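Notes follow once the structure below has been shown.
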Amino acid sequence: MTKKINLFANLKSDFASGLVVFLVALPLCLGIAMASGAPLFSGIISGVVGGIVVGYLSKSHLSVSGPAAGLTAIVLTAITDLGAFDIFLTAVFISGLIQLGLGFIKAGTISNYFPTNVIEGMLAGIGIIIILKQLPHAFGYDNDFEGDQSFLELGGSNTFSALLNIFNYIQLGSIIITILSLLILIAWDKVPFLKKIKLIPGALVAVIVGVILNEIFTSADSSLAIAKEHLVSLPVPTSLEEFKQIIVTPNFSGITNSKVWIVAFTIAIVASIETLLSIEAADRMDIQKRYTDTNVELKAQGIGNMVSSLLGGLPLTSVIVRSSANNNAGAKSKMSTIIHGLLLLVSVVTIPLILNKIPLATLAAILLLVGYKLAKPSIFKHFWEKGKYQFIPFIATLLAVVFTDLLKGVALGIIISIIFVLKGNLKRAYHFRKEEYADGDVIHIDLAQEVSFLNKAAIKSTLNDIPENSKVIIDATDTVYIAHDILDLIHEFKTTRAKEDHIRVKLRGFKKAYQLENTEETPNKVTFEHYYDAAKRKTIKREILPEDFLT
């Protein structure tokens with residue numbers, strides 16, 4: 001029975017966190033739309049739908065959905081190739097249908113196979129990206145769009161060269177506002193009496209102070225005044241007709257275009273993977289350790305993309321930066337996500353002129369703290385102490401996320417983790433007591449519960465190293481599966497090498513033959529796999545348990 005959730009149970013903390021996420025999401029929605037070559041309002045629409053529609057349908061308590069930086073290159077290329085934004089919206093609608101189908105076939109369960117160290121490495125990598133990308137904005141250098149996570153930037157520069165360029169474009173007013181905003185945010189988190197004021201988040205206070213301070217700089221005609229290009233830049237419709245023109249609907253005549261379907265499948269797969277990664281990360285951050293039904297999440301994302309496309313919005317996914325900001329702001333339930341969507345909707349319609357006075361430096365300060373909490377030194381120490389098999393996939397994922405992108409970074413981390421798992425399985429397939437043996441001593445080789453073909457090389461090497469005139473016991477008492485390759489290997493060793501080198505071999509737990517019920521045939525020789533299959537079918541009438549193996 002599904003437990004009914006009261007969305008208003010934690011309204012005080014959820015409203016405060018929703019407000020913080022709204023402040024973070026606003027420039028990100030605009031920046032991602034600009035980088036995607038789409039109308040600026042399409043990013044806002046996507047953020048509103050991600051907050052209200054997906055937020056309501058999702059079972060995640062912390063995840064926030066909206067336009068994603070990971071889709072910008074796909075969207076930009078698709079709009080160019082398809083030739084029109086309304087045709088592109090048709091592809092987004094179809095991608096939503098595909099995601100809905102993925103949810104019904106329970107494709108969301110693949111998220112259970114993402115290793116924890118890889119997810120943590122991804123989060124730490126995103127944290128470092130946030131810090132590196134927001135430092136230029138903190139100094140008043142806004143060459144890169146808000147929300148960009150790529151190492152390579154437009155114009156041939158990269159994240160590091162942009163950092164070096166800071167010194168050529170320092171804006172003292174931005175630095176002052178950034179430092180003051182950071183002090184407010186840290187104080188709100190550390191000073192006891194300020195921590196108790198949950199309804200008024202520190203981020204809102206920092207934004208208000210930043211706006212007021214810049215207005216003072218501007219009215220005083222000071223060189224500290226922050227120019228328009230370093231402020232939030234939201235389109236301001238001057239009439240109802242102009243506002244209606246902002247809403248673009250899909251042109252479904254493009255449904256017969258094969259390119260539309262290719263774009264739709266591409267968006268559906270990439271958006272679904274990014275969503276599952278973000279959901280897994282959000283669940284990891286949840287201090288209450290609640291887990292999200294990822295199949296329901298895919299359905300919610302699918303419906304969200306369908307609604308977003310019908311209103312002229314960009315494709316959306318669950319996004320880590322906003323989800324992290326939501327968690328850090330103290331969200332307790334998905335109500336904070338819904339509130340952030342409502343605030344986006346109301347504010348862009350009613351107070352766009354006020355929002356356009358917010359300095360990007362203040363928002364950079366908020367995101368710098370989010371980035372630090374994702375990539376704290378204690379996280380690196382934690383995985384270092386866990387040993388190389390945990391640390392190497394963690395650090396490899398982190399570096400690949402920073403220098404390539406999220407999907408490539410996670411893929412590398414998973415590949416390295418799989419290699420380590422296989423390597424571990426090779427060692428754990430059997431236990432060989434390696435102490436020095438005197439003449440006449442017995443050598444024990446104890447097989448594990450499952451012995452696959454992957455263990456063939458290691459077992460072959462061990463058998464080859466057994467000295468002449470030895471006594472060997474190969475014990476399969478606890479084994480439930482042995483690959484045919486391994487059976488042949490042991491058989492060859494016992495019948496050939498052991499006889500030549502006078503090695504006495506004793507096998508325990510191996511079954512030689514069986515007799516089937518209602519069958520006149522009694523095979524003289526069978527493989528162990530046949531025996532185990534028969535045992536599972538419960539057709540065994542009589543067992544022969546000899547000391548020797550297939551003789």
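Note that the coordinates shown come from a computational prediction; the quantities given were computed from them, not determined experimentally.
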Practice prompt. Would you please indicate yes or no on a ring centroid separation below 6.0 angstrom for F394 and F380?
Written response: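 Centroid distance F380-F394: below 6.0 Å, so yes.
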Determine yes or no for a side-chain-to-main-chain donor-acceptor pair under 3.5 angstrom, with [X] supplying the side chain and [Y] the backbone.
| X | Y | value |
| --- | --- | --- |
| S278 | S323 | no |
| S46 | L314 | yes |
| S219 | I216 | yes |
| D14 | K332 | yes |
| K59 | E297 | no |
| T275 | S318 | yes |
| N356 | L234 | yes |
| S222 | L224 | yes |
| S36 | A38 | no |
| T292 | T294 | no |

On a heavy-atom basis, which atom in [X] and which in [Y] lie closest, and how many Å separate them?
| X | Y | result |
| --- | --- | --- |
| I226 | P359 | CD1-CB, 3.9 Å |
| G304 | V49 | O-CG1, 3.4 Å |
| V92 | N305 | CG1-O, 3.7 Å |
| I119 | A281 | CG2-CA, 3.8 Å |
| P67 | I32 | O-CD1, 3.3 Å |
| A25 | R322 | CB-CD, 3.7 Å |

Any salt bridge between [X] and [Y], counting N to O under 4.0 Å?
| X | Y | value |
| --- | --- | --- |
| D144 | K133 | yes |
| K357 | E215 | yes |
| K106 | D293 | no |

Worksheet item: Among I74, V263, I267, which residue meets the side-chain contact (heavy atoms from CB on, under 4.5 Å) test with P315?
Response: I267
Worksheet, complete the sentence: Of I416, T397, N117, the one forming a side-chain contact (heavy atoms from CB on, under 4.5 Å) with I392 is I416
Worksheet item: Quick one: side-chain hydrogen bond (donor to acceptor under 3.5 Å, both in side chains) pairs with a partner in residues 399-408, sequence neighbours left out?
Response: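 Those involving residues 399-408 do not exist here.
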Can you find a heavy atom in the side chain of [X] that is under 4.5 Å from one in the side chain of [Y]?
| X | Y | value |
| --- | --- | --- |
| F22 | S347 | yes |
| L204 | V20 | no |
| Q301 | L100 | no |
| I354 | V211 | no |

Can you tell me if [atom1] on [X] sees more than 12 non-hydrogen neighbours from other groups inside 6.0 Å?
| X | atom1 | answer |
| --- | --- | --- |
| Y56 | OH | no |
| M34 | CE | no |
| K289 | NZ | yes |

Fill in: W384, F420, F383 screened by ring pair (Phe, Tyr, Trp, His ring centres under 6.0 Å) with F391, the one that passes
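With F391 as partner, W384, F420, F383 yield a single ring pair (Phe, Tyr, Trp, His ring centres under 6.0 Å), made by W384.
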Item to complete: With side-chain contact (heavy atoms from CB on, under 4.5 Å) as the test, would you mind laying out the steps for N328 and L369 before giving the verdict?
Response: CA-CA 9 Å; N328 292 335; L369 284 185; over 6 Å; no
Worksheet item: Are T178 and T362 close enough, and set up right, to give a side-chain contact (heavy atoms from CB on, under 4.5 Å), and what steps lead you there?
Response: CA-CA 5 Å; T178 298; T362 296; over 6 Å; no
